[in-house]
Amino acid sequence: MSTYQYASVPDDGERITEADGELQVPDRPILPFIEGDGIGPDIWNATRPVFDAAVEEVYGGDREIVWMEVFAGEKAREKTGEWIPEETFQSIRDFRVGIKGPLTTPVGGGIRSLNVTLRQVLDLYACVRRSRWLPGTPSPVSEPEKVDITVYRENTEDVYSGIEWEAGTEECEKVRSFLMDEMGEDVREGSGIGVKPISEFGTKRLVAMAIEDAIRDGRTSVTLVHKGNIMKFTEGAFREWGYEVARERFPERTITEDELWDEHDGERPDGKIVIKDRIADQMFQQVLLRPDEYDYCAMPNLNGDYLSDALAAQVGGLGMAPGGNIGDGRALFEATHGTAPKYEGMDKVNPTSLILSGVAMLKYMGWGEAARAIEDAIVETIQEKYVTYDLERQMEGATKVKTSEFGQRIVEHIRDGA
C-alpha cells in the first residue's frame, strides 16, 4: 500500500479489491472522502451520519464504513501547498471507492477545474447521473413521476479535454494559419480556437458501460445523444461507434430501434435492450414531453453536462441530483452542485445531492439494502415537509430546517424503519 504524508490510513478497516472484474467489498471497507469547499463541510457533516446509521441498522452491526479523509481544494492548499496532492489521487487507486463534496474552481482563469482533473487523472471516464423524482419533491413540471433517466456522460474527451488556444496568441495564430493554409478552412481573425476530440476507444467503453448496466439493472433502452447532423466526424462518429459496440459485444441482448419496428412492430422482445439515438437539441424537448420513453442515455461530455442539469431541474434541482464518476474498478461519487460560498458555514443548504450520491456509492459496492433504506427515509422526510430552504420556499405548509436537522431527521426515519 502507498505511504501517505497527510492522510491517516485507519488501522481497523480493509481495502476494497477486485477479482475477475468484480469488486470484492469487505465488511469494513476503508472509504476515502473529500469534505469539499464552501458548503462542503456543512453537507458532509449532515450526510456522514446518514450513511453510518443506514449501514448499522440494516446490517445489524455486521458491516461498517471506515472513513478516511483525503484532501483536495482549499483545505488541501492550506495543508499541503497543492490543490490536489498526488496522494489524493493514489488513495482512490488504492481504496477504489470514495466520495467528495464540491470543490472550488475560479471562473475564467486561475486553477483548472479540480473536478475535471480528478476524473481525467484517475480515468473515471463515465459521469453517471440518475435523475429520478422522489415523491413529495416540488417540481416545475406537471408529471415529474415520469422522469427516471440515467445519463452516462463521457468524462475525458470532447470540450472538457481542455485543448484550446487564446485569441491573439502566437500559438492560436499558428493553429489558425494551419487550418486556413493547410486544411482550407475559413477561421475568422481574432478567434479563440478549441478542439473537441471524440475517439472510438472512449466512446465504445462508455456506451458498453451503459449497456452492461442496463442489462444488469433490467432496464429497457440505451439512447445515444449526439449532434451528428452537424458535427459528423465527432458527434456523428459517437453515434456510429455506439451502435457498433452494441453489435460487437452485445448482439444477443440488444436490438436497434429500426429493428424493433421493422421486425417486431414496436414490441420489445423480452430481455432485449433497445439502442436508440437522438439529436441533442431534440432530446431536450423529449425529456420534457416524453421522459418515460427514455431510460439510460449515453452521450459526449458537453451534451451530458447540459442534459443532466436539465433533468435535475425537473425533479427538484441540483440539490436533489446525485453524481458518480466511474472507471474500470474504481469510482468517486460527488455532489453535483457547486460550493455556494455565500452560504458557507450557515448550515442552510440541501445535502440531498451528496446523500443520494452516497446511495449510488452503496449500490456500486453491492450494499443495496442500505441504499434503499436511505432513499425511503429521504422520501419520508420530504413528504412530511421537513426540508431545507430551497424546497421549503416551493412547498405550502413546509417547515424550514437546517442542513444538520434535515440529515438528522433522515437518520431518525432510518432507525424507525429498521
Side-chain angles (χ1 to χ4, degrees), residues 1-16 28-52 64-107 110-124 127 155 162 322-327 329-341 343-345 347 349 351 353-355 357-358 360-361 364-365 403-404 407:
M1 184 181 297
S2 305
T3 301
Y4 291 87
Q5 180 178 356
Y6 304 106
S8 298
V9 180
D11 296 326
D12 54 347
E14 299 177 66
R15 293 170 57 189
I16 294 174
R28 304 189 77 251
I30 297 172
L31 298 188
F33 73 91
I34 297 168
E35 192 174 54
D37 297 326
I39 59 173
D42 283 353
I43 62 174
W44 175 249
N45 290 334
T47 294
R48 177 172 169 171
V50 172
F51 301 153
D52 291 340
E64 179 186 3
I65 296 173
V66 181
W67 298 105
M68 170 183 165
E69 184 173 14
V70 297
F71 303 99
E74 293 171 350
K75 196 170 185 179
R77 185 74 168 176
E78 294 170 3
K79 196 174 187 70
T80 73
E82 301 177 85
W83 289 104
I84 311 180
E86 173 56 33
E87 70 173 44
T88 296
F89 297 113
Q90 192 59 43
S91 71
I92 306 302
R93 298 185 187 106
D94 286 343
F95 297 98
R96 295 191 177 272
V97 179
I99 190 167
K100 60 176 282 296
L103 294 174
T104 296
T105 299
V107 176
I111 60 172
R112 189 171 182 231
S113 168
L114 301 182
N115 297 314
V116 173
T117 300
L118 282 162
R119 297 165 189 167
Q120 294 192 340
V121 171
L122 293 167
D123 199 27
L124 304 174
C127 180
N155 249 347
N325 301 290
I326 302 174
R330 61 175 68 114
L332 181 61
F333 296 84
E334 64 181 357
T336 59
H337 52 71
T339 58
Y343 296 128
E344 180 177 355
D347 198 19
V349 299
S353 174
L354 189 61
I355 296 172
S357 298
M361 178 183 72
Y364 180 78
M365 293 164 53
T403 308
S404 55

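The analysis underlying the following values was restricted to heavy atoms, covering all of them including side chains, and did not include hydrogens, waters or symmetry mates.
Between Met68 atom CE and Ser91 atom OG the span is 5.5 Å, to the nearest 0.5 Å. Within the model, atoms CD1 of Ile39 and CG of Asn45 stand 12.0 Å from one another, a figure rounded to the nearest 0.5 Å. Taking CG from Asp347 and CD1 from Ile43, the interatomic distance works out to 11.5 Å, rounded to the nearest 0.5 Å. With values rounded to the nearest 0.5 angstrom, Arg119 atom CZ is found 9.0 Å from Leu332 atom CG. For the atom pair CZ of Arg330 and CG of Asp94, the computed distance is 9.5 Å after rounding to the nearest 0.5 Å. Annotation: the span from Gln120 atom CD to Ser113 atom OG amounts to 9.0 Å, rounded to 0.5 Å.
Leu118 has its side chain within reach of Phe89: a pair of non-hydrogen atoms, C-beta onward, lies under 4.5 Å apart. Within the 4.5 Å cutoff, no side-chain heavy atoms of Ser357 are placed close to those of Glu334. Side-chain contact check for Asn115 versus Lys100: some heavy-atom pair is nearer than 4.5 Å. The shortest distance between side-chain heavy atoms of Ile99 and Leu31 does not fall below 4.5 Å.
Remark: Glu64 pairs with Arg28 by the side-chain hydrogen bond (donor to acceptor under 3.5 Å, both in side chains) rule, at least two apart or across chains. For the ring pair (Phe, Tyr, Trp, His ring centres under 6.0 Å) test, residues two or more places apart in sequence or in another chain that qualify with Phe333 are Tyr364. Scored by the side-chain hydrogen bond (donor to acceptor under 3.5 Å, both in side chains) test, Glu87 finds no partners at all (sequence neighbours excluded). Considering only residues two or more places apart in sequence or on other chains, Glu86 meets the side-chain hydrogen bond (donor to acceptor under 3.5 Å, both in side chains) condition with Arg93. Evaluation of the ring pair (Phe, Tyr, Trp, His ring centres under 6.0 Å) rule for Tyr343 yields Tyr389 as partners, not counting sequence neighbours.
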**OP:** For Val349 and His337, run side chain to side chain contact (heavy atoms under 4.5 Å, CB included): C-alpha distance rounded to whole Å, both residues' side-chain angles, the deciding distance at 0.1 Å, then the answer.
**Re:** CA-CA 11 Å; Val349 299; His337 52 71; 5.8 Å; no
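In terms of heavy atoms, Pro29 sits closest to Met365 at CG-CE, 4.0 Å. Nearest heavy-atom pair across Leu124 and Asn155 is O-ND2, 2.9 Å. The two residues Val97 and Pro32 come nearest to each other via the heavy atoms O-CD, 3.0 Å. When all heavy atoms of Glu344 and Gly38 are compared, the closest pair comes out as CG-O, 3.2 Å. Annotation for Gly407 and Val50: closest pair O-CG2, 3.7 Å, computed over non-hydrogen atoms. Of all heavy-atom pairs between Pro102 and Gly40, the closest is CD-CA, 4.1 Å.
A donor-acceptor pair is defined here as one N or O able to donate and one able to accept, closer than 3.5 Å; no such pair exists between the side chain of Arg96 and the backbone of Arg15.
By the 30° and 60° cut-offs, the orientation of the rings of Trp44 relative to Phe33 is parallel.
The side-chain tip of Lys79 points at the ring of Phe71 from less than 6.0 angstrom away and within 45° of straight on.
The salt bridge (charged side-chain N to carboxylate O under 4.0 Å, His left out) pairs that include a residue from residues 37-49 are Arg48-Asp52, where partners are two or more places apart or lie in different chains.
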